[in-house]
Amino acid sequence: MDIAIIKKCVKDKKWRITNHALKRCDERNLDAGELTAILTEGEIIEDYPDDPRGPSCLVLCRSFGDKFLHVVCGIDRDGWLVIITAYHPEEPKWIDERTRRR
């Protein structure tokens, strides 16, 4: 995936957020409304072109309050951005915001 495609979808208001993502945002006290705003300044750090649900990627964003946020998103068959989930990268899965623990 390409960050330019993500930015264009956000700009054109061609995006949707899954129920799963909404639930996770609620559980993690994340503002679902801020996701599109910070996605436009994000950086793709992992690409999943062969995901069985469709190509997707992991975007590293700096959220309001200077914390890092990971947003997993993809593009559906109709060209819409789909926000799949969002979370703060934390131990034990992440060493830091860019480095996944192996």
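FYI, side chains are in, hydrogens and waters are out, and symmetry mates aren't considered; it's all heavy atoms of this structure.
Considering only heavy atoms from C-beta on, Pro89 stays 4.5 Å or farther from Asp96 through its side chain. Residues Glu43 and Ile3 form no side-chain contact, since every pair of their non-hydrogen atoms from C-beta on lies 4.5 Å or further apart. Within the 4.5 Å cutoff, the side chain of Arg53 has no heavy atoms near those of the Asp76 side chain. Looking only at side-chain heavy atoms (C-beta outward), Ser56 and Ile84 come within less than 4.5 Å of each other. Proximity of Ile6 to Ile44: side-chain heavy atoms (C-beta onward) are separated by under 4.5 Å at one or more points. Two residues are said to be in side-chain contact when any heavy atoms from C-beta on lie closer than 4.5 Å; Ser63 and His88 meet this criterion. Residues Asp31 and Cys25 form no side-chain contact, since every pair of their non-hydrogen atoms from C-beta on lies 4.5 Å or further apart. Leu58 places a side-chain heavy atom less than 4.5 Å from the side chain of Tyr48.
Separating the CD1 atom in Ile95 from the CZ atom in Arg101 is a distance of 4.5 Å, to the nearest 0.5 Å. The NZ atom of Lys7 sits 9.5 Å away from atom CG of Asp2, with the distance rounded to the nearest 0.5 Å. Between Lys93 atom NZ and Arg102 atom CZ the span is 13.0 Å, to the nearest 0.5 Å. Here the straight-line distance linking atom CG of Leu81 with atom CD1 of Ile5 works out to 10.0 Å at 0.5 Å rounding. Here the SG-CD1 distance, from Cys9 to Ile75, works out to 4.0 Å after rounding to the nearest 0.5 Å. Remark: His70 NE2 to Glu90 CD distance equals 10.5 Å, nearest 0.5 Å.
Crowding of Arg16 atom CZ: a count of heavy atoms from other residues, nucleotides or ligands under 6.0 Å not exceeding 12.
In this structure, Ile83 and Cys73 approach most closely via the heavy-atom pair CA-CB, 4.1 Å. Among all heavy-atom pairs drawn from Trp80 and Lys13, the shortest one is CZ3-O, 3.7 Å. The shortest heavy-atom contact between Arg62 and Phe68 is NH2-CZ, 3.1 Å. Pairing each heavy atom of Ile17 with each of Ala32, the nearest pair is CD1-CB, 4.1 Å. Met1 and Cys57 get closest at one heavy-atom pair: SD-SG, 3.8 Å.
Put simply, the side chain of Thr40 gets close to the backbone of Ala37: a donor and an acceptor are under 3.5 Å apart. For the pair Thr36 (side chain) and Val10 (backbone), a donor-acceptor distance under 3.5 Å is absent. A donor-acceptor pair is defined here as one N or O able to donate and one able to accept, closer than 3.5 Å; no such pair exists between the side chain of Asp51 and the backbone of Pro55. Although no hydrogens or angles enter the test, the distance criterion places no donor-acceptor pair under 3.5 Å between the side chain of Arg24 and the main chain of Tyr87.
In the hydrophobic cluster analysis, where Ile, Leu, Val, Met, Phe, Trp and Tyr join through side-chain heavy atoms closer than 4.5 angstrom, Leu60 is grouped apart from Ile38.
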